[in-house]
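Please read the structure below before turning to the comments.
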Amino acid sequence: PILEYTPLSRFDESCPFFEQCGVLACKTEIENRARYRTRAHARLAPTRAATMILAIVQARMESTRLPGKAMLDLGGKPMLWHVLMRVRQATTLDQIILLTPWTDANEVLIPLAEHCGIEVIRSTPNNLLASYLEAARSFDASAIVRITADCPLINPAVIDQVVMAFLAPPPCDYAANVLHYTWPEGLDTEVLTMEALTRCEQLATALADRQHVTTYIRTHPEQFTLRSVESPLRLGHLHWSVDTAQDFEMMRLLWPTNG
């Protein structure tokens, strides 16, 4: 079954990162964000007392459509730097790691992640699902947040809304804002339980399911309880992820000069 979750208000006015479209994280809002973090933890306390939430940012240099995109310069910093620093501002995460394959091409990502204060875990090529499970077990995670590195506009407040929807009663196996695209593509956030991840790893046999981690759970709703986190702004027609050279050029032109 798919349960729909929509925020109570048009957008969360208590969160300084939501402008009219809930788009950009403002670096000048760090102090306000700290105050929001305190309020968020207080609201989540009854449901997350025994929940260890691990965010996994997956990145690789061997993209077929745009090789090396994780390290492309965007506002004076590598694109991956922006993703990691934005994810770090989410209030609902206990641990963040970068997951990247065991290949020489990805060695360049390690010092960047460490500079951002993010631990790096190496993944098995062609079996990302098993690597997710191994990483989650190593951190004793009970919930896993999946973020991809081709989303330089990933919004920490959107991450928080999806995590809070996941934690809201009744319990679910998986919550995401990608089941029905009402957020712009590029704010993609998915959360699933350790039990659901384990079942996916056991049941998924298709190569695509093992490479894309969550496709099995999304295509088998009869086996899991899914929660769709939807935006009342209905912006699903917008494309903000960087998949091609054309996407990156658009992002570069739109990116603020101060990063």
Side-chain angles (χ1 to χ4, degrees), residues 10-13 15-30 32-33 55-90 96 98-100 105-118 145-162 176-178 180-190 212 229-259:
R10 185 167 177 265
F11 53 84
D12 188 346
E13 297 186 48
C15 177
F17 290 92
F18 266 111
E19 305 287 344
Q20 280 296 305
C21 295
V23 181
L24 293 174
C26 303
K27 292 188 288 187
T28 57
E29 296 279 8
I30 297 301
N32 288 338
R33 190 63 178 167
I56 298 179
V57 180
Q58 60 184 72
R60 62 190 179 102
M61 293 291 286
E62 305 97 332
S63 170
T64 54
R65 288 184 288 177
L66 186 57
K69 65 182 177 181
M71 294 298 290
L72 291 178
D73 184 278
L74 191 58
K77 298 284 188 181
M79 189 169 74
L80 178 60
W81 182 90
H82 294 288
V83 175
L84 295 177
M85 297 306 287
R86 286 171 178 272
V87 174
R88 281 191 58 179
Q89 294 177 61
I96 305 166
L98 176 70
L99 188 67
T100 191
N106 294 301
E107 293 295 322
V108 68
L109 304 181
I110 297 175
L112 173 61
E114 292 175 345
H115 176 75
C116 295
I118 304 296
V145 180
R146 178 176 181 253
I147 304 288
T148 57
D150 54 6
C151 299
L153 289 179
I154 190 72
N155 191 313
V158 174
I159 295 173
D160 287 340
Q161 284 210 3
V162 177
N177 60 1
V178 300
H180 304 121
Y181 266 104
T182 58
W183 302 90
E185 183 181 355
L187 301 183
D188 304 3
T189 304
E190 303 171 88
H212 298 288
V229 185
E230 304 190 7
S231 168
L233 298 178
R234 303 294 165 180
L235 299 174
H237 60 286
L238 298 175
H239 180 85
W240 291 349
S241 63
V242 176
D243 301 312
T244 66
Q246 290 77 12
D247 293 339
F248 180 76
E249 181 62 16
M250 183 194 72
M251 193 65 63
R252 188 185 64 81
L253 292 173
L254 294 176
W255 201 264
T257 55
N258 63 359

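Counting begins at 1 with the first residue of the sequence. Everything quoted here is computed from the prediction, not taken from an experiment.
- Remark: the backbone N or O of H115 is not paired with any side-chain donor or acceptor of W81 at under 3.5 angstrom.
- Residue I110 holds its CD1 atom at 14.0 Å from CD1 of I118, rounded to the nearest 0.5 Å.
- Counting only distance, with no hydrogens or angles, the side chain of T148 and the backbone of R146 share no donor-acceptor pair below 3.5 Å.
- Across A90 and P156, no two heavy atoms sit closer than the pair N-CB, 3.5 Å.
- Of the possible polar contacts, one joining the D188 side chain to the G186 backbone as a donor-acceptor pair under 3.5 Å is found.
- R86 places a side-chain N or O within donor-acceptor distance of the main-chain N or O of P152, the cut-off being under 3.5 Å.
- The side chain to side chain donor-acceptor pair (under 3.5 Å) check on N177 picks up nothing, with sequence neighbours excluded.
- With Q161 contributing its side chain and A157 its backbone, the two residues share no donor-acceptor pair below 3.5 Å.
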Donor-acceptor pairs under 3.5 Å, side chain of residues 67-79 to any protein atom, not counting sequence neighbours: which ones?
residue, atom, partner, partner atom, Å
K69, NZ, V242, O, 2.9
D73, OD1, G76, N, 3.2

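- Under the side chain to side chain donor-acceptor pair (under 3.5 Å) criterion, E185 pairs with H239, sequence neighbours left out.
- For the pair S241 (side chain) and D243 (backbone), a donor-acceptor distance under 3.5 Å is absent.
- In plain terms, the two heavy atoms of A113 and L84 that are nearest each other are CA-CD1, 3.9 Å.
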